[in-house]
A.B. asks: 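Here you go, one structure.
Labels below follow one simple rule: chain letters A, B, ... track the order of the sequence lines, proteins then strands, and each chain is numbered from 1. All heavy atoms count here, side chains included; hydrogens, waters and symmetry mates do not. Quick caveat: nothing in here was measured; it's all calculated off a predicted structure.
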Amino acid sequence: MCAHPGVGPWGNTGLLVNCVSGTMQSRRWFGGAGFSFADDPVTETLSQAIRGTGEELDREPDTGVLFGSLRGSVVGLRYYTGVVNKGEMVSLVRQPQNPYDRNAVMVANVYGSQVGHIKRELAALLANIMDNNLARVEGVVPFGVKNQFTMSVVLSFWGKEENRDAVVRQITSRSFKLQTGPTGTHTHADTGTLIASSWVISCLTVCLKNAFDNLFENLMEDKIGEREAVEAVCTPLLPHQKQALSWMCVCENNVALPHFWEVKGGLFYNTLTHSSVRERPQRVRGGILADDMGLGKTLTTIALILSNFHHGKPLCEPVSLGGRVNSILISPVNSKSKPNSNYTHPHPFDECIIWCVSQGKSVVSPVEAASSQSTDDPAARATLIICPLSVLSNWLDQLDQHVRADVKLNVYLYYGSERNRDTHFLSSQHVVLTTYNVLSAEYSVSGGWVCGSASPLHTVSWLRVVLDEGHIIRNPNAQQSKAVLKLNTQRRWILTGTPIQNNLRDLWMLVAFLRLKPFDVREWWNRVIQRPVTQGDKTGLQNLQALVKCVTLRRTKTSRVCGRPLVSLPERSVRIEEVELTQKEREEYELARTEGRTTISRYVAEGTVLKNYADVLAILVRLRQFCCHPDLLGKTTTHTAATPAELRERLIVKLRLVLGTGSDEECAVCLNSVRLPVITHCAHVYCRPCIAQVIRSEQEQARCPLCRGQIKASELVEFPLEEEEEGSNLLENWRSSSKVEALMSSLLRLRSEDDSIRSLVVSQFTRFLTILEIPLREEGFKFVRLDGTMSQKRRAQVIQEFQSDAPGSPLIMLLSLKAGGVGINLSAASRVFLMDPAWNPAVEDQCVDRCHRLGQKRDVVITKFIVKGSVEENMVKIQRQKQDLVEKAFGTKNPGERNTSRVDEIRALMEL
DNA sequence: ACCGCCGGGTGCC
DNA sequence: ACCGCCGGGTGCC
């Protein structure tokens, strides 16, 4: 996948491409400490086993650090067509078969055109390093190319620390000089940088997601017209669906290059990569339709298939409009749904040509259309739709529902053991539906060859391939991803509601599928997009946005068309209900607070807040818990610890308390919620993979990112999140609290006003949910509970029960803040009670979105309970500032800022 | 290449 | 002169 099409005379023979398989990943995110997961197979296997799937893992081994760079020259420019501009990156490709020199290293530009060769003596060095996998070599051309014979190139060497010596030795022994030291990239002298950088990374992820969501908000209307579907589609399209159809037709038909291409001096100049090509770049025909769920991606796609056949003409039309019909019934094999008489053999294509009447601006002239398709297989006519098994029947239903009954659309369900594998048969269909499993099964039997012949799906020349739930292919290592890349088609579409799931790495696979040049080649994606963005480079992000923008249409349920919402969602309002503590509670709270303040102010004065972070967190959690219910605190620990071992034990107990409550603590490395938590001997909590990576990259010198204490992999302590055992204890001597009372009175009032309104009661503390069960039962509320400890199956049951409108179904759901993840639908509820504020306001929003979504019929009212004069009030203030902070951190150059803000946050919380 | 290198022509000052 | 010097031909790996 990384080989460029060779242009030089030996370009195609025996290339040993520099991208040693899988080593082209973000070798370091910042400061030399790559935060990607292990290159250590044991760790990788372990974490994989723990998580059940390897999906979240970064499979690409980390290639380590920058050893240094040296200046060399590229020769033989005049023999090749590849052009390079000032500052542009080039790739180095080994040519072991070169008849003049087996050490030959070819230089290619971003578009894979050969530029020249590395000068002989230098090539001998590079060949040695590259062939032995000692380092990865990247080239940048530092100056404009003044003469036509040779040019300078700066080569940088990246590799594993253990190979540094060997590389340096190789270089010096051949009397080249390796420049080391700060070459504009960052060194990791300071752990502060580490934290700050990861903070920036985390902020970037947030910004990225926001940017992604907002990308099309403003641009849509002036750029996209509307287009009616052909008459064969019997369901009228909504305005935003007409826009999508228009956009999709433009994407398929338009010959114009994306806007980041300019014609400059007879060359095609790419404004993203600052590179030029002589040959007209291959254009993407298709894109990513990333509308939110429920906006009608399926219908729009069906409309596209029917409306935009060759040359912008419709595929077929209702019988009443003419056209001969050849009705040979083909039942979908193995179809669980009805064998529908609509699925018949088509009438001959050429006879159903009618110019599509375009309502919008997207008329395609025959000339444009013809020229754009000059190299296409004119016989290709079938659209292949690939989807997860679970939505196969949905496609059949929707085709049935949206296509006029008198249109003889020829749909074949390629599924089941009896499926017809005849490629001529498949090619002659209008639509072939299949699943990712079928596709990858056919493909993976010896790489696209099954039973000695090619996989039928990979043999057919498709007009169009549509990937439904396209985010499924985001892991490029998966068989189904590889299978999908190998399909032979003119147009490519990805339908997805969740285009970015974890990070931008997910996007690469989508870009690669679309063949968005040159980023379908991993090296360029990494060098131009991924590394810059993960290092916090704004230009990188802008490039990414531009890239995404040119191939994606995304509307959310809150997007607007012509000033009107796409879909109208009921109103949503937030009110904060202040809770007054009773006299007794106030006294107890103040006692705890004073004690905590004393401790923390001492840490602040000493500048040791981060060293004692565990302690600080524990104090804060206790105060937060106290605001909900005094019994949440659980057992109090002894306050004096005699030996270091006891101290350690005490800290572990405290951290167990912090994490065991389900509160949302961040890992200081990745700044996401802690996954697979481990505690260091200095009592700081990280995700195991994150801290393991830090330790691995810093080896013996590894220090805790928070307190800079020595850390060792062998000393990391895991704590299993133990089950609630004190539950019974909790319930036996049950007492109420001000917050419990506040909730109950709201719920009772609500029930007396309208007993059909359902509510979500949300807390970060699962123990609090347990406490709440008592008064709910007492008052005769029917409720269900959903928390993180429940099995997937049980969750589904609970959700179904809650969503059901059967008489006697529950009015209330007790929900732990982070249970269930995104995507669960609780639209039966229209009231949300947030019992305690979260550190991260986005988590609260996400939770509310579970009921404020498509399908919600009522206005949604959110009540946040905040104890007056407590940490909670301060948390709310910090929540408000947090969004600003993200913006600031995004642009900040000061690495210390993150630490400062952390301490400031704690000081603000404790009013110090 | 406004170079380096090669090899033929040439040869006091 | 088995040299130096000159100037034309030539040029990636």
Side-chain angles (χ1 to χ4, degrees), chain A residues 2-21 24 67-159 167 169-179 265-267 273 275-279 518 521 523-524 527:
Chain A
C2 16
H4 302 297
V7 172
W10 302 280
N12 289 320
T13 52
L15 289 184
L16 253 191
V17 180
N18 189 15
C19 33
V20 180
S21 76
M24 29 201 323
F67 297 154
S69 52
L70 59 81
R71 173 78 65 81
S73 43
V74 184
V75 294
L77 303 193
R78 66 158 150 162
Y79 300 97
Y80 307 100
T81 54
V83 282
V84 188
N85 299 319
K86 176 186 158 115
E88 198 181 316
M89 300 177 297
V90 289
S91 75
L92 304 166
V93 184
R94 278 284 286 119
Q95 279 184 332
Q97 306 295 322
N98 187 308
Y100 298 97
D101 181 1
R102 58 182 181 80
N103 290 325
V105 176
M106 180 257 255
V107 177
N109 71 9
V110 174
Y111 300 97
S113 310
Q114 180 162 5
V115 174
H117 279 102
I118 293 291
K119 216 167 151 54
R120 204 176 197 106
E121 312 81 63
L122 185 54
L125 167 68
L126 296 193
N128 199 315
I129 289 173
M130 288 164 79
D131 295 351
N132 291 311
N133 256 335
L134 294 175
R136 209 185 117 55
V137 190
E138 292 184 355
V140 173
V141 174
F143 317 116
V145 192
K146 283 190 212 78
N147 59 51
Q148 53 196 127
F149 305 101
T150 66
M151 66 182 173
S152 265
V153 62
V154 174
L155 303 169
S156 47
F157 297 80
W158 305 77
V167 171
R169 221 177 310 118
Q170 283 291 334
I171 292 171
T172 44
S173 74
R174 289 169 197 258
S175 42
F176 287 98
K177 262 187 299 191
L178 186 68
Q179 310 276 326
L267 301 174
T273 58
S275 51
S276 313
V277 242
R278 279 185 226 274
E279 305 81 24
V521 173
E523 176 174 4
W524 306 119
R527 289 177 66 176

A.B. asks: Looking at the side chain of A/K119, which of C/dC13, C/dC12, B/dA1 is the nearest nucleotide?
C.D. replies: C/dC13

A.B. asks: For the pair A/R136 (side chain) and A/S156 (backbone), establish whether a donor and an acceptor sit closer than 3.5 Å, ignoring hydrogens and angles.
C.D. replies: no

A.B. asks: Mark yes or no for a side-chain to base donor-acceptor pair under 3.5 Å between A/D101 and C/dC13, with no hydrogen or angle criteria applied.
C.D. replies: no

A.B. asks: Please determine, for the side chain of A/Y79, which listed nucleotide (C/dC12, C/dC13, B/dA1) has the closest atom?
C.D. replies: C/dC12

A.B. asks: Given the P atoms of C/dC13 and C/dG8, what is the spacing between them in whole Å?
C.D. replies: 26 Å

A.B. asks: Regarding C/dC12, can its base be found pairing with the side chain of A/Y80 as donor and acceptor, where the two atoms are less than 3.5 Å apart?
C.D. replies: yes

A.B. asks: Looking at residues at least two apart in the chain, or sitting in another chain, which of them share a side chain to side chain donor-acceptor pair (under 3.5 Å) with A/S275?
C.D. replies: A/Y111, A/T273

A.B. asks: So, do A/V74 and A/V84 sit near enough that their side-chain heavy atoms are less than 4.5 Å apart?
C.D. replies: no

A.B. asks: Provide, to the nearest angstrom, the distance between the CG atom belonging to A/L77 and the C1' atom belonging to B/dC3.
C.D. replies: 15 Å

A.B. asks: Stacking between A/F149 and C/dG11, defined as ring centres under 5.5 angstrom apart with planes under 30°, is that present or not?
C.D. replies: no

A.B. asks: Could you identify the nucleotide paired to B/dC12, looking across every strand shown and requiring Watson-Crick or G-U wobble geometry with both distances under 3.5 Å?
C.D. replies: none

A.B. asks: Does A/R174 have more than 12 heavy atoms from other residues, nucleotides or ligands lying within 6.0 Å of its CZ?
C.D. replies: yes

A.B. asks: If the C1' atom of B/dC5 is compared with that of B/dA1, how far apart are they to the nearest Å?
C.D. replies: 12 Å

